[in-house]
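This is the structure I want to talk about, given as structure tokens.
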Protein chains: 2
Amino acid sequence: MVHTPSLQHRLPNEGAHIHAPWRSETAKQAIAQSEALCRAKGARLTPIRRRVLEVLLASPKPLGAYDLVDRLGSQGRRMAPITVYRALDFLIEHGLAHRLASRNAYLASSDVSTGRQTTAFLICESCGEATEITSPAVADTVLKVLKEQGYQPRARALEITGRCAGCQDIH
Amino acid sequence: MVHTPSLQHRLPNEGAHIHAPWRSETAKQAIAQSEALCRAKGARLTPIRRRVLEVLLASPKPLGAYDLVDRLGSQGRRMAPITVYRALDFLIEHGLAHRLASRNAYLASSDVSTGRQTTAFLICESCGEATEITSPAVADTVLKVLKEQGYQPRARALEITGRCAGCQDIH
DNA sequence: CCCAAATATGTAGTGATATAACCTATACGA
DNA sequence: TCGTATAGGTTATATCACTACATATTTGGG
Ligand SMILES: [Zn+2]
Ligand SMILES: [Zn+2]
Ligand SMILES: [Zn+2]
Ligand SMILES: [Zn+2]
């Protein structure tokens, strides 16, 4: 059992190395879209919720709830975990963010407009980067399998693990 | 936020209702297979590990680590969580059990012989029952998507959520 | 505008899940 | 049998998520 990967969550940014650059314009656009969507639905994107979303959007990797707590404190004031969880609850409910169960981590939706359809996440088990994709092939296959087994499908996120291009050979 | 499903783990057997019966012969067979497989690999299926596997096999639903702790105590003696986690670690590493990240729960492999290939679990979000399937269609699709995105595939378990046949309409 | 209801946040404590660190016991091979 | 590797015991702790209740803010009706 020399190299058994641990069962539990690994913080996404311990010894982090990033392969993809990050653009802030994308984040601004996403915020604007999110605001529009919330207005349309009568949902309240309050300052706290908005800030949580901004921090998620500003991160190239999924963040743990307590990572968010750390990043959201202002002038020595630490935000209570429950506050972050409540904001995440809201964001997830409205399709603005997702939870990665396999990592106990959260990330912003890459495309708000798709709403709560079946999406998939490719998660690099080396660097923790997550790519959200909406693949009809995956959705169809999953739907077929569910139907075959008599399961009624519920729109959910699929987590697929692999090793991203940047992490190949190198590690 | 009236009916937001909680983010955290729900014990798999709280208010449990079971739709499928359970047969103990299958469990005995699985134990025999597991023993054979461990002998062949030089892995040691010790009494503790074997008991954990037996308890998993005896459960129609995935069990939390602390459920296992509760079920494994004998004559007032409570097994330490770490002991259970170590046993689970072993079982998972050798393909005898799986972890369902979306539920923080563990279950025995339905077919030991398939080893650590890409399998999928259909998880009922109502009753918690999990069905392990090995669908070439799913495996192929996942592989293709990974390749498209430059990901190197790593054999892992896919967790697909839905509502099982028994739970339809009823709830 | 004022008030009542609904919604959102603050605060404190706790529950639930998983592991670290260190030590002892047992199994295995030479 | 002896040395090493592996497994398990014990204690404490890290990590993740939520309950319960009080307070503040928003919102819509009168
Ligand atoms: Zn990577
Ligand atoms: Zn890398
Ligand atoms: Zn069900
Ligand atoms: Zn049911």
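Since this is a predicted model, take the numbers as computed values, not measurements. Proteins get letters first, then strands, A, B, ... in listed order; numbering begins at 1 in each.
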Rounded to whole Å, CG of A:D89 lies from P of C:dT7 at a distance of 14 Å
Would you kindly give the CE-to-C1' distance between B:M79 and D:dA7, to the nearest whole Å?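 One finds 13 Å between C1' of D:dA7 and CE of B:M79, rounded.
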**Asked** Going by modelled atom types, is there a donor-acceptor pair between the base of C:dG10 and the side chain of A:R86 at under 3.5 Å?
**Response**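 Indeed there is one.
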Assign each of B:P81 and B:P47 the nucleotide of DNA chain D bearing its closest heavy atom; nearer the 5' end lies the nucleotide of B:P47
Report the residues that fulfil salt bridge (Lys or Arg N to Asp or Glu O under 4.0 Å) with A:E125, sequence neighbours left out, ordered by chain and then residue number.
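Salt bridge (Lys or Arg N to Asp or Glu O under 4.0 Å) list for A:E125, sorted by chain: B:R154.
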Please report the distance, rounded to the nearest Å, between OH in B:Y85 and C1' in D:dA14.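 Nearest whole value for this atom pair: 12 Å.
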Under 3.5 Å donor-acceptor pairs involving side-chain atoms of residues 31-40 of chain B, not counting sequence neighbours:
from  : atom 1 : to    : atom 2 : distance (Å)
B:S34 : OG     : B:A30 : O      : 2.8
B:E35 : OE2    : B:R50 : NH1    : 2.1

* Phosphate oxygens OP1/OP2 of D:dT25: is one of them under 4.0 Å from a side-chain N or O of A:T46? -> no
Discussion item. I want to verify a distance call: between D:dG8, C:dT9, D:dT10, whose nearest atom is closest to the B:R77 side chain?
Written reply: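 Within the option list, the nearest is D:dT10.
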With a 4.0 Å limit, can you tell me whether B:N104 has a side-chain N or O closer than that to the phosphate oxygens OP1/OP2 of C:dA16?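 No, B:N104 has no side-chain N/O under 4.0 Å of OP1/OP2 on C:dA16.
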- Mind jotting down which residue pairs meet the side-chain hydrogen bond (donor to acceptor under 3.5 Å, both in side chains) criterion with at least one end in residues 138-152 of chain A? Sequence neighbours excluded, please.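 Checked against side-chain hydrogen bond (donor to acceptor under 3.5 Å, both in side chains) - neighbours excluded - the pairs reaching residues 138-152 of chain A are A:T141-B:T141, A:Y151-B:T131.
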Atom CZ of B:F90 and atom C1' of D:dT6 are separated, to the nearest Å, by 11 Å
From CZ of B:R78 across to C1' of D:dT11 the rounded distance in Å is 15 Å
List, by chain and number, the other hydrophobic cluster members for A:F121, where Ile, Leu, Val, Met, Phe, Trp and Tyr join if side-chain heavy atoms come within less than 4.5 Å, directly or indirectly.
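Cluster partners of A:F121: A:L100, A:L107, A:I123.
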Qualifying residues under salt bridge (Lys or Arg N to Asp or Glu O under 4.0 Å), relative to A:R78, sequence neighbours excluded: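 Applying salt bridge (Lys or Arg N to Asp or Glu O under 4.0 Å) to A:R78 gives A:D70.
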By nearest-nucleotide position on DNA chain D, the 5'-leaning member of A:I82 and B:A87 is B:A87
Exercise for the section: Name the closest nucleotide to the B:R49 side chain, picking from D:dT19, D:dA7, D:dA17. Expected result: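 Nearest to the side chain of B:R49 among the choices is D:dA7.
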Could you pull out the protein-nucleic contacts involving nucleotides 25-30 of chain C (nitrogen or oxygen on both sides, under 3.5 Å)?
from   : atom 1 : to    : atom 2 : distance (Å)
C:dA27 : O4'    : B:R44 : NH2    : 3.4

Atom CG of B:L45 and atom C1' of D:dG8 are separated, to the nearest Å, by 15 Å
Heavy-atom closest pair (A:E159 atom, A:A101 atom, distance to 0.1 Å) is OE2-N, 2.7 Å
**Asked** Just wondering, do B:V138 and A:V138 contact through their side chains at under 4.5 Å, heavy atoms?
**Response** no
Requested in this report: Mind calculating the distance between CG (A:L100) and C1' (D:dA17) to the nearest angstrom?
Outcome: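 Taking atom C1' of D:dA17 as the reference, CG of A:L100 is at 16 Å.
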Exercise. Does the D:dA14 base have a donor-acceptor partner in the side chain of A:Y66 within less than 3.5 Å?
Worked result: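 In this structure, the two groups form no donor-acceptor pair.
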request  = Using whole Å, report how far CG of A:D70 lies from P of D:dT15.
outcome  =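 Interatomic distance, CG of A:D70 to P of D:dT15: 11 Å.
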